[in-house]
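Structure first, then comments.
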Amino acid sequence: MIKLKKYLTLLALAFALIVSGCSPQEQNEKMKQANKEEPVKTVNFELKKAEPGRLEQIYGLGYPGNDKGLYIASQEGIKIFSNGEWLEGNSQKHEYMGFQATHDGFIASGHPEKGSKLENPLGIVKSVDRGGTLEKLAFYGEGRFFFLGASFQSGAIYIINEVENSKIKPGVFLSEDKGENWEQVQLNGLDSDTLGMIAVHPKDNGIMAMSTKSGIFFSNDKGKNMNKLTDSIMSTALAFSEDYLYYSSVENNKVLFYKMDIHTLGSEQMNIPFLSYDNPITFIAVNHKDENTISFDTYLFDVYESADRGQNWKLVLKNGRIE
């Protein structure tokens, strides 16, 4: 229970910072100029078999549309599970937070690896070559975003901004032009004292949802109006397919997994392997090239994958350990 409370604290962290407020950072011309530089390219970047070891953090997972395999964002860069084995890059082992798969690669935030010449924090970056090249989209050197959602097809980005920077104040914001411009999301009707994970529909930028300690909230107008879809449950993770919203919750000391039809809003519980109360689901991913394939990971870094829309599950990573 103590571990679970630590995890749920993360769900409330962003909102607490937004409410308390922070003094503005100075506008840094050097950082602004850095945002306009060419993408950072790594010479001789290539994938290799991942070294044995244990992941200490998982910050997201997904299926980029320009590659095969399940990507996991960790404290040591991107790990890829493909054809039954784990792969990793020979460099660019950055701490990628807020990881989101897109049709042409991935979007992430976080911090550069030790010894890197990149500014810390990374702001929001994008890669279309498995992490070998990083394009700086926004807030380079100014911020990191643990809570980030992106549309698979368009790459439209929703973020929870915790600290005022040179472009935006604390709050929830949306960019539909690769981070060039940001519009504050109104969240009318969000009757919750916490903010949490953000999911964005793979094709429709206007459809988004948020998991909170008070349940799932849904919008079809870019977050202007939010409608509560569930009872007041502790929801911990969520992800869209084209027709469904998959989400997980902790109810009556049980970890549960659901799918909801976004057209009818009908919801049904799905069968998953038993998870103890102190090991809730933290991220869910859908393969938008083949929506039969879905996956999730847990607080204790167990990763499960299904190739038949959740009828059967395979444990592909246990306790974060890559053998």
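This one's a predicted model, so the numbers in the text were calculated from it and none came from an experiment.
No single ILVMFWY cluster, assembled from side-chain heavy atoms under 4.5 Å apart, contains both Val128 and Val125.
For residues 63-74, every residue pair satisfying the salt bridge (Lys or Arg N to Asp or Glu O under 4.0 Å) rule, not counting sequence neighbours, is listed here: Asp67-Arg130.
The six-membered or imidazole ring of Tyr96 lies near that of Phe106, with a centre-to-centre distance under 6.0 Å. For an aromatic pair to be called close, the ring centres must be under 6.0 Å apart, and Phe296 with Phe257 satisfies this.
Among residues two or more places apart in sequence or in another chain, the side chain to side chain contact (heavy atoms under 4.5 Å, CB included) test is passed with Asn205 by Ser151, Ser154, Ala156, Glu176. Take Glu76 and apply the side chain to side chain donor-acceptor pair (under 3.5 Å) test, not counting sequence neighbours, and it matches no residue. For the ring pair (Phe, Tyr, Trp, His ring centres under 6.0 Å) test, residues two or more places apart in sequence or in another chain that qualify with Phe145 are Phe139. Listed by chain and number, the residues in a salt bridge (charged side-chain N to carboxylate O under 4.0 Å, His left out) with Lys178 are Glu135 (sequence neighbours excluded). Remark: Glu51 engages Lys48 in a salt bridge (charged side-chain N to carboxylate O under 4.0 Å, His left out) (not counting sequence neighbours). Listed by chain and number, the residues in a salt bridge (charged side-chain N to carboxylate O under 4.0 Å, His left out) with Lys203 are Glu242 (sequence neighbours excluded). In this structure, the side chain to side chain contact (heavy atoms under 4.5 Å, CB included) partners of Ser116, at least two apart in sequence or on a different chain, are His94, Pro112, Glu113, Leu118. In this view, Asn292 and Asp290, Arg309 satisfy the side chain to side chain contact (heavy atoms under 4.5 Å, CB included) rule, not counting sequence neighbours. Residues satisfying the ring pair (Phe, Tyr, Trp, His ring centres under 6.0 Å) criterion with Phe81, sequence neighbours excluded, are Trp86. Annotation: ring pair (Phe, Tyr, Trp, His ring centres under 6.0 Å) contacts of Tyr59 (sequence neighbours excluded): none. Partners of Tyr158 according to the ring pair (Phe, Tyr, Trp, His ring centres under 6.0 Å) rule, which considers only residues two or more places apart in sequence or in another chain, do not exist here.
Between Asp261 and Tyr244, the closest side-chain pair of non-hydrogen atoms falls below 4.5 Å.
In terms of heavy-atom proximity, Tyr304 sits nearest to Leu315 at CZ-CD1, 3.5 Å. When all heavy atoms are compared, the tightest approach of Ala101 to Phe152 is O-CD1, 3.7 Å.
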